[in-house]
Amino acid sequence: MSSIKSTSRRSFSLTVAGVALALATAGLSHAEDVRTIKIATAAESKPLSWGAIGVEPQGYEPDVLKAINAKLPQYKFVMEGAADIAQETGLATGKYDIATGGYYRAPAREKQFLIPESPIGASLIKIYSRKDSGINEMKDLVGKKIVPVTAGGGIYKFATAWQEKNPDSKIEITASSAGIPYPDRLKEVENGKYDALVLPSNLGEQTVIDQQKLEVKASEPVAINNTFVLIHRSEENKALSEDIDKALKELKADGTLAKLSQKWFGEDITTYMK
């Protein structure tokens with residue numbers, strides 16, 4: 001073999017090796033550029049979202065999160081179901097970067113978390129009571145024992161605002177941080193511990209009522225609210241919040257949110273999104 005051919009082959013091998021190394025380095029660099037985002041989703045709120053830890057979350061919000069992630073390849077969304085109290089506590093401490101669970105805007109949340117301007121969905125607030133209760137609207141709750149609501153949450157904000165507008169109809173709303181699952185709360189309404197439960201209807205209440213054959217009914221909507229993604233407040237997450245806001249605008253404009261709403265709720269909730 002001539003020295004020329006040998007040298008040529010060595011040069012070619014070095015070139016191939018160099019290209020392979022460059023590609024591997026580029027791949028490694030790309031992997032390092034992708035930021036993992038840990039997300040807490042509602043664990044027992046079918047069809048909004050359900051799936052305990054270790055089980056892939058399903059429902060409207062997980063599907064929307066997947067659609068957002070598809071538009072934002074610089075992130076890798078990792079979801080897990082969590083109880084309500086664990087969601088907000090984990091988000092506040094930084095255990096989670098994002099939490100979704102049919103959350104409303106509220107002054108306390110706006111102060112504590114980053115919240116994109118664009119909503120992820122909309123919920124219809126309804127009153128759940130025993131079928132023989134005669135409760136159909138907010139004024140019917142005067143003198144009734146109502147299931148405590150999350151302190152600083154959307155329902156608390158709604159009830160407080162309603163009370164201010166209707167000072168002659170005094171209702172007793174108490175705030176609590178206890179993370180008791182909605183199915184158990186519905187049972188407490190049926191057994192008489194409480195007279196009524198005020199909640200958004202997108203948390204799976206009707207499914208629980210039907211499956212467990214509870215003597216509980218839902219009122220017509222007493223209010224309609226947008227729902228939002230909550231993000232752990234940090235400098236790093238400001239860009240994440242802006243990216244999610246942009247993606248949600250695009251998903252609403254291209255009809256994706258409407259399709260997912262029809263899939264999970266049987267109606268287009270985007271018509272209620274302000």
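Computation of the quantities below employed the complete heavy-atom set of this structure, encompassing side-chain atoms and omitting hydrogens, waters and symmetry-equivalent molecules. Numbers for residues simply follow the sequence, beginning at 1.
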Between the side chain of [X] and the main-chain N/O of [Y], is any donor-acceptor distance below 3.5 Å?
X	Y	answer
Ser201	Leu124	yes
Arg233	Ala92	no
Thr89	Ile85	yes
Glu61	Gly102	yes
Asp140	Glu137	yes
Thr93	Gly90	yes
Asp245	Glu117	yes
Glu190	Glu215	yes
Ser261	Glu267	yes
Thr271	Asp268	yes

Flag the pair [X] / [Y] as yes when at least one side-chain heavy-atom distance between them is below 4.5 Å, and no otherwise.
X	Y	answer
Met79	Lys66	yes
Tyr60	Asp63	no
Met273	Leu257	yes
Lys170	Gln163	yes
Val34	Gln74	no
Tyr194	Lys144	no
Pro47	Gln58	no
Glu80	Ile39	no

In terms of relative ring orientation, are Trp264 and Trp50 parallel, tilted or perpendicular, with 30° and 60° separating the classes?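 Perpendicular.
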Nearest 0.5 Å, what's the [atom1]-[atom2] distance between [X] and [Y]?
X	Y	atom1	atom2	result
Leu114	Lys238	CG	NZ	7.5 Å
Leu248	Ile120	CG	CD1	6.0 Å
Glu44	Asp84	CD	CG	9.0 Å
Tyr75	Thr36	OH	OG1	12.0 Å
Lys139	Asp168	NZ	CG	8.5 Å
Gln206	Leu186	CD	CG	9.5 Å

Partners of Thr227 by side-chain hydrogen bond (donor to acceptor under 3.5 Å, both in side chains), sequence neighbours excluded?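 Counting only residues at least two positions away or on another chain, Thr227 forms no side-chain hydrogen bond (donor to acceptor under 3.5 Å, both in side chains).
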Which heavy atom of [X] sits nearest a heavy atom of [Y], and at what distance?
X	Y	result
Leu48	Pro62	O-CD, 3.6 Å
His232	Asn237	O-ND2, 2.9 Å
Val189	Tyr128	CG1-O, 3.9 Å
Ser169	Trp162	O-CZ3, 3.5 Å
Ile127	Ala196	CG2-CB, 3.9 Å
Glu188	Asn191	O-OD1, 2.8 Å

Check this for me: does any side-chain nitrogen of one of [X] and [Y] sit under 4.0 Å from a carboxylate oxygen of the other?
X	Y	result
Glu205	Lys46	no
Arg130	Asp195	yes
Glu250	Lys71	yes

May I have the step-by-step check of side chain to side chain contact (heavy atoms under 4.5 Å, CB included) for Ile244 and Glu242, ending in yes or no? CA-CA 5 Å; Ile244 289 176; Glu242 292 171 358; over 6 Å; no
Could you go step by step and tell me if Thr100 and Leu230 meet the side chain to side chain contact (heavy atoms under 4.5 Å, CB included) rule? CA-CA 6 Å; Thr100 62; Leu230 304 185; over 6 Å; no
Do Tyr272 and Asn226 have side-chain atoms, one donor and one acceptor, less than 3.5 Å apart?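 Their side chains do not contain a donor-acceptor pair, so the 3.5 Å distance test is not met.
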Side chains of Ser118 and Lys249: donor-acceptor distance under 3.5 Å anywhere?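 Checked: Ser118/Lys249 side chains pair up, N/O donor to acceptor below 3.5 Å.
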Answer yes if the ring centres of Tyr104 and Phe228 are under 6.0 angstrom apart, and no otherwise.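 No, they do not, as the ring centres are separated by 6.0 Å or more.
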Quick check on the hydrophobic clustering: are [X] and [Y] connected, directly or via other members, by side-chain heavy-atom contacts under 4.5 Å?
X	Y	result
Phe158	Ile115	no
Val216	Val208	yes
Val222	Val142	yes
Tyr103	Ile155	no
Leu240	Tyr96	no

Check this for me: Lys217, atom NZ, are more than 12 non-hydrogen atoms of other residues, nucleotides or ligands nearer than 6.0 Å?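 Atom NZ in Lys217 is packed in, count exceeds 12.
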Would you check, one step at a time, whether the test side chain to side chain contact (heavy atoms under 4.5 Å, CB included) holds for Leu199 with Tyr182? CA-CA 9 Å; Leu199 275 182; Tyr182 302 131; 3.3 Å; yes
Derivation of the side chain to side chain contact (heavy atoms under 4.5 Å, CB included) call for Thr160 and Ile173: CA-CA 8 Å; Thr160 301; Ile173 294 287; 5.8 Å; no
